**Q** 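Structure provided below as structure tokens; questions to follow.
Each chain gets a letter, A, B and so on, in the order the sequences are listed, and its residues count up from 1. When reading the values below, keep in mind they use all heavy atoms of this one structure, side chains included, and skip hydrogens, waters and symmetry mates. Nothing here was measured: the structure is a model prediction, and the numbers come from that model.
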Amino acid sequence: MGTDGNVRVRFAPSPTGALHIGGAHTALFNWLWARHTGGSFILRIEDTDRERSTAEYERTIMDGMRWLGLDWDEGPDKGGNHGPYRQSERMDGYRNASELLIESGRAYRDGEAIIFRVPEGEKILLDDAIYGEINVASEKASMNQDGSIKDIVLIKSDGMPTYNFAVVVDDHFMDITCVIRGEDHIANTPKQILIYRALGWEPPQFAHLPMILGGDKKKLSKRHGATSVFEYNDMGYLPDAVFNFLALLGWTPGGDVEIFDRELAARSFELSKVTKKPAVFDMDKLNYVNQEHLKAMSPEARRNAVEPFWRELGLHPEKHPEKFIEDALTLMGGRGKTTRELAEYSDYFIDFEPVKSRYDASEITPPHREVLRKFFCAIYDRFGDRDWEPARLEEFARDWCEKNNASLKEIAMPMRLALSGRKVSPGVFEMASLMGGEECKIRLSNYQFI
RNA sequence: GGUCCCAUCGUCCAGCGGUCCAGGACACCGCCCUUUCAAGGCGGCGACACGGGUUCGAACCCCGUUGGGACCGCCA
């Protein structure tokens, strides 16, 4: 496996909701395997549930995959040699296959439905690429709650195929070589193998992925917070970081490497190295991974990622030169785990308004104010509105404090507050330097510090 | 209840019979740096679920127990 160059894997979501974390994780591992082997990654839409499937969700899922950078080689939107790529368009295929089973006596009609007769006494060996060998007796592949054999519905009364049947037919005709899906499907696999056998088809290789759990160790669901990948986008997580984090759930590239890009992941990915244990989705780790990617980004990419969040705050980054914005963000350093936080923490670079609305300098006592006024006058006397170079500003400030019996802290904090409206920020002199003497004068004057 | 799966720090991963009184990362706690907060540096806390085997030797192999999970729809 793996090196024959003909690997064909697929991600087969049903369009009954947005792309959620579990689905994204599955899609991601399929993508990794396809890219690692140089094979094909196929997107198939499983829309046999007429009630719940919508075209809108189909689009949302594709958007989610694109957001994560999971490009597919064949799919409903781009075609391919193994179509159709929507189950609703392969009705004749299911029909024919089910007729074949009726003719061979392996299935029977029940009204409009077609039911597969589950054989007894057959051994089913599932050789999973991740879980290893799993043995199941055929009569246990599909049971009622009381333990009696339950035949498998192939075609529903409405004429649509059931999941277990459609998957087999699709994977067969689409030449899927390896089925990579969530571990919750492991119990379905023996049923599917039975159908492959009855049809005389060769089953693909199977690889089941460990589940992703919430903090309570239960299968991830809406009550664990964000489920759609787009909610992570809205929270300020970078697609590269979500990709990285998801890849880490059940796998590592090895060598203590934890922060990586898609290329490295694809290059070093191995199905055989995937963990069996379900993984807990840990926000703290996601935050960390996101922050690492944020720090590693190019200034331009970072600016592009943060701008939407400033706009959301009613700010207009476009009124500044791009260089200024990029420098401001670079100055922010490791502050902020997400682009949303970064935008919020750095709002004062974009506009003075948010500063005014959150800071009023009321804690500054008259004597303190007098010291500040003297200091700022001195600094403007010395530097004017230009040449605000951080190191020189700081040197001057330290020197002035020493000569005037003041502490650096007692001028730095009010200055920070006047400039940013926050008690937390990058170094004041670097901030002041970037904003420029003129803008600083406006802000300092507003608080009568000068 | 039945079937199947899983089992290393709180969490994510290393480990695939000896080099492990178990390694890295996140989180947490100290210290350093320092005009604030991050970042960064240094250090600390912290796990092989339990019991039997097999073996000269087990976190690694086998069995059992316990714990956890998934599935048991004419949903996918």
Side-chain angles (χ1 to χ4, degrees), chain A residues 12-17 23 46-49 51-53 87 110-115 126 128 131-132 134-137 139-148 150 152-167 181-191 208 210-211 213 215 217-219 245 248-259 273 275-289 291-292 295 332-337 341 345 394 397-398 401 407-417 420 422-430:
Chain A
S14 62
T16 54
E46 309 215 326
D47 55 351
T48 53
D49 183 342
E51 302 284 292
R52 302 190 298 147
S53 298
Q87 292 187 326
D110 180 11
E112 296 298 303
I114 297 178
I115 320 286
L126 163 59
D128 194 276
Y131 282 87
I134 297 169
N135 276 289
V136 185
E139 60 273 19
K140 292 191 174 168
S142 179
M143 293 183 298
N144 289 301
Q145 294 242 345
D146 63 8
S148 59
K150 182 177 171 41
I152 300 167
V153 176
L154 263 22
I155 302 289
K156 299 182 267 185
S157 299
D158 67 358
M160 298 299 272
T162 57
Y163 165 76
N164 279 126
F165 185 50
V167 170
R181 76 229 303 194
E183 187 249 41
D184 49 343
H185 283 296
I186 215 160
N188 281 320
T189 311
K191 299 176 198 172
H208 288 89
M211 296 277 87
L213 278 22
K217 304 267 187 114
K218 295 266 190 273
K219 193 174 169 180
F245 173 71
L248 244 17
L249 258 30
W251 177 74
T252 7
D256 288 343
V257 175
E258 290 204 297
I259 303 301
K273 283 176 61 189
T275 315
K276 298 178 198 152
K277 200 176 77 169
V280 173
F281 187 98
D282 181 17
M283 268 298 188
D284 284 330
K285 186 78 174 222
L286 206 213
N287 285 332
Y288 164 76
V289 172
Q291 190 176 39
E292 290 302 308
K295 285 193 290 191
M332 288 299 288
R335 277 159 276 246
K337 304 271 190 198
E341 280 183 358
Y345 297 167
E394 178 172 347
R398 286 185 189 283
C401 286
S407 71
L408 188 59
K409 194 169 187 169
E410 112 188 60
I411 57 168
M413 197 40 107
M415 186 174 175
R416 180 193 320 286
L417 254 356
S420 70
R422 296 183 184 284
K423 54 187 192 315
V424 163
S425 80
V428 266
F429 301 113
E430 290 172 291

**Q** Can you tell if the side chain of A:Glu51 reaches within under 4.5 Å of the side chain of A:Asp158, non-hydrogen atoms only?
**A**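 The answer is no, as the side chains (C-beta and beyond) never meet within the 4.5 Å cut-off.
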
**Q** Show your working on side-chain contact (heavy atoms from CB on, under 4.5 Å) between A:Phe245 and A:Tyr288 and close with a plain yes or no.
**A** CA-CA 9 Å; A:Phe245 173 71; A:Tyr288 164 76; over 6 Å; no

**Q** With respect to the side chain of A:Lys277, which nucleotide from B:A25, B:U35, B:A7 is positioned closest?
**A**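 Looking only at side-chain atoms, A:Lys277 lies closest to B:A7.
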
**Q** Under 4.0 Å between any heavy atoms, over every strand shown, what does A:Gly333 touch: base, sugar-phosphate, or nothing? Just pick one.
**A**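 Result for A:Gly333 = nothing.
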
**Q** Between P on B:U35 and CG on A:Leu417, what's the gap in Å once rounded to a whole number?
**A**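 Those two atoms, CG and P, are 17 Å apart.
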
**Q** Rounded to whole Å, how long is the line connecting atom NZ of A:Lys285 with atom C1' of B:A25?
**A**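 Value for this atom pair: 4 Å.
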
**Q** For A:Glu183, what residues pass the salt bridge (Lys or Arg N to Asp or Glu O under 4.0 Å) criterion, not counting sequence neighbours?
**A**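 A:Glu183 satisfies salt bridge (Lys or Arg N to Asp or Glu O under 4.0 Å) with no residue once adjacent residues are dropped.
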
**Q** Sequence neighbours left out, what passes side-chain contact (heavy atoms from CB on, under 4.5 Å) with A:Val257? Give chain and number order.
**A**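 Checked A:Val257 against side-chain contact (heavy atoms from CB on, under 4.5 Å); matches are A:Pro253, A:Phe260.
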
**Q** For A:Phe429, report the nucleic acid contact type (base, sugar-phosphate, nothing); a contact means any heavy atom under 4.0 Å.
**A**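 Base, at least one base heavy atom under 4.0 Å.
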
**Q** Categorize A:Val428 for me: base, sugar-phosphate, or nothing, with a 4.0 angstrom heavy-atom threshold over every strand shown.
**A**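 The residue A:Val428 makes base contact.
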
**Q** Rounded off to whole Å, could you give me the CG-to-P distance for the A:Asn135 and B:U3 pair?
**A**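 So the CG-P distance, A:Asn135 to B:U3, works out to 15 Å.
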
**Q** Between B:U35 atom P and A:Arg335 atom CZ, what is the distance in whole Å?
**A**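 Value for this atom pair: 14 Å.
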
**Q** Identify, with sequence neighbours excluded, every residue that meets salt bridge (Lys or Arg N to Asp or Glu O under 4.0 Å) alongside A:Glu258.
**A**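 Counting only residues at least two positions away or on another chain, A:Glu258 forms a salt bridge (Lys or Arg N to Asp or Glu O under 4.0 Å) with A:Lys285.
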
**Q** Which residues pass the side-chain contact (heavy atoms from CB on, under 4.5 Å) test with A:Thr162, sequence neighbours left out?
**A**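 Applying side-chain contact (heavy atoms from CB on, under 4.5 Å) to A:Thr162 gives A:Val153, A:Lys156, A:Phe165.
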
**Q** Describe the nucleic acid contact of A:Glu51 in one word from base, sugar-phosphate, nothing, applying a heavy-atom distance below 4.0 Å.
**A**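 A:Glu51: no heavy atom of the nucleic acid under 4.0 Å.
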
**Q** Over all strands shown, is A:Gly250 touching base, sugar-phosphate only, or nothing at heavy-atom distances under 4.0 angstrom?
**A**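 Since only primed, P, OP1 and OP2 atoms lie under 4.0 Å of A:Gly250, the category is sugar-phosphate.
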
**Q** For A:Lys273 and B:C12, give me the distance from atom NZ to atom C1', rounded to whole Å.
**A**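 Rounding to the nearest Å, NZ of A:Lys273 and C1' of B:C12 are 15 Å apart.
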
**Q** Let's see if you can work this out: which of B:U8, B:U36, B:U11 has an atom nearest to the side-chain heavy atoms of A:Lys409?
**A**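 Of the options given, the side chain of A:Lys409 lies nearest B:U36.
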
**Q** If we take the P atom in both B:A49 and B:G41, what is their distance in whole Å?
**A**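 Rounded to whole Å, the distance is 32 Å.
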
**Q** Closest approach to the side chain of A:Gln291, judged atom by atom: which nucleotide of B:C4, B:U34, B:A39 is it?
**A**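 Of B:C4, B:U34, B:A39, B:A39 is nearest to the side chain of A:Gln291.
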
**Q** Rounded to the nearest 0.5 Å, what separates atom OG1 in A:Thr189 from atom CG in A:Asn164?
**A**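 The CG atom of A:Asn164 is 8.5 Å from OG1 of A:Thr189, to the nearest 0.5 Å.
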
**Q** Where the side chain of A:Glu258 is concerned, which of B:A25, B:A27, B:U3 is the nearest nucleotide?
**A**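 For the A:Glu258 side chain, the nearest candidate turns out to be B:A25.
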
**Q** Could you write nucleotides 63-76 of chain B as a row of B, S and -, 5' to 3', where a protein heavy atom under 4.0 Å of any base atom gives B, of only sugar-phosphate atoms gives S, and otherwise -?
**A** ------SSSSSBBB

**Q** The criterion is side-chain contact (heavy atoms from CB on, under 4.5 Å); which residues satisfy it with A:Asp184, sequence neighbours excluded?
**A**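 Scan of A:Asp184 (side-chain contact (heavy atoms from CB on, under 4.5 Å), adjacent residues dropped) gives A:Met211, A:Lys219.
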
**Q** Side-chain polar contacts of residues 407-416 of chain A - donor-acceptor pairs under 3.5 angstrom, sequence neighbours left out - could you list them?
**A**
from: A:Ser407; atom 1: OG; to: A:Glu410; atom 2: N; distance (Å): 3.1
from: A:Ser407; atom 1: OG; to: A:Glu410; atom 2: OE1; distance (Å): 3.4
from: A:Glu410; atom 1: OE1; to: A:Ser407; atom 2: N; distance (Å): 3.0
from: A:Arg416; atom 1: NH1; to: A:Ser425; atom 2: OG; distance (Å): 2.9
from: A:Arg416; atom 1: NH1; to: A:Pro426; atom 2: O; distance (Å): 3.1

**Q** Which nucleotide wins on minimum distance to the side chain of A:Arg398, given the candidates B:U3, B:U34, B:C5?
**A**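 The nucleotide sitting nearest to the side chain is B:U34.
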
**Q** For B:C28, which nucleotide is its Watson-Crick or G-U wobble mate, given both distances must be under 3.5 Å?
**A**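 Across any shown strand, B:C28 pairs with B:G44.
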
**Q** Any chance you could list the contact pattern along nucleotides 40-47 of chain B? Use B for base contacts, S for sugar-phosphate-only contacts and - for none, protein heavy atoms under 4.0 Å, 5' to 3'.
**A** S-------

**Q** Among the candidates B:U36, B:C12, B:C13, find the nucleotide nearest to the side-chain atoms of A:Thr275.
**A**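 Closest nucleotide among those given: B:C13.
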
**Q** Expressed as a whole number of Å, how far does the C1' atom of B:C9 sit from that of B:C20?
**A**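 Nearest-Å result for B:C9 against B:C20 at atom C1': 14 Å.
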
**Q** Once hydrogens and angles are ignored, does a donor-acceptor distance under 3.5 Å link the base of B:A7 to the side chain of A:Lys276?
**A**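 Counting by modelled atom types and ignoring angles, no donor-acceptor contact under 3.5 Å is found here.
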
**Q** Please enumerate all residues that pass side-chain contact (heavy atoms from CB on, under 4.5 Å) together with A:Thr252, with sequence neighbours excluded.
**A**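 For A:Thr252, the residues satisfying side-chain contact (heavy atoms from CB on, under 4.5 Å) (neighbours in sequence not counted) are A:Leu248.
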
**Q** So what does A:Pro210 touch, heavy atoms closer than 4.0 Å: a base, only the sugar-phosphate, or nothing?
**A**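 The answer is nothing, as A:Pro210 stays clear of every strand by at least 4.0 Å.
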
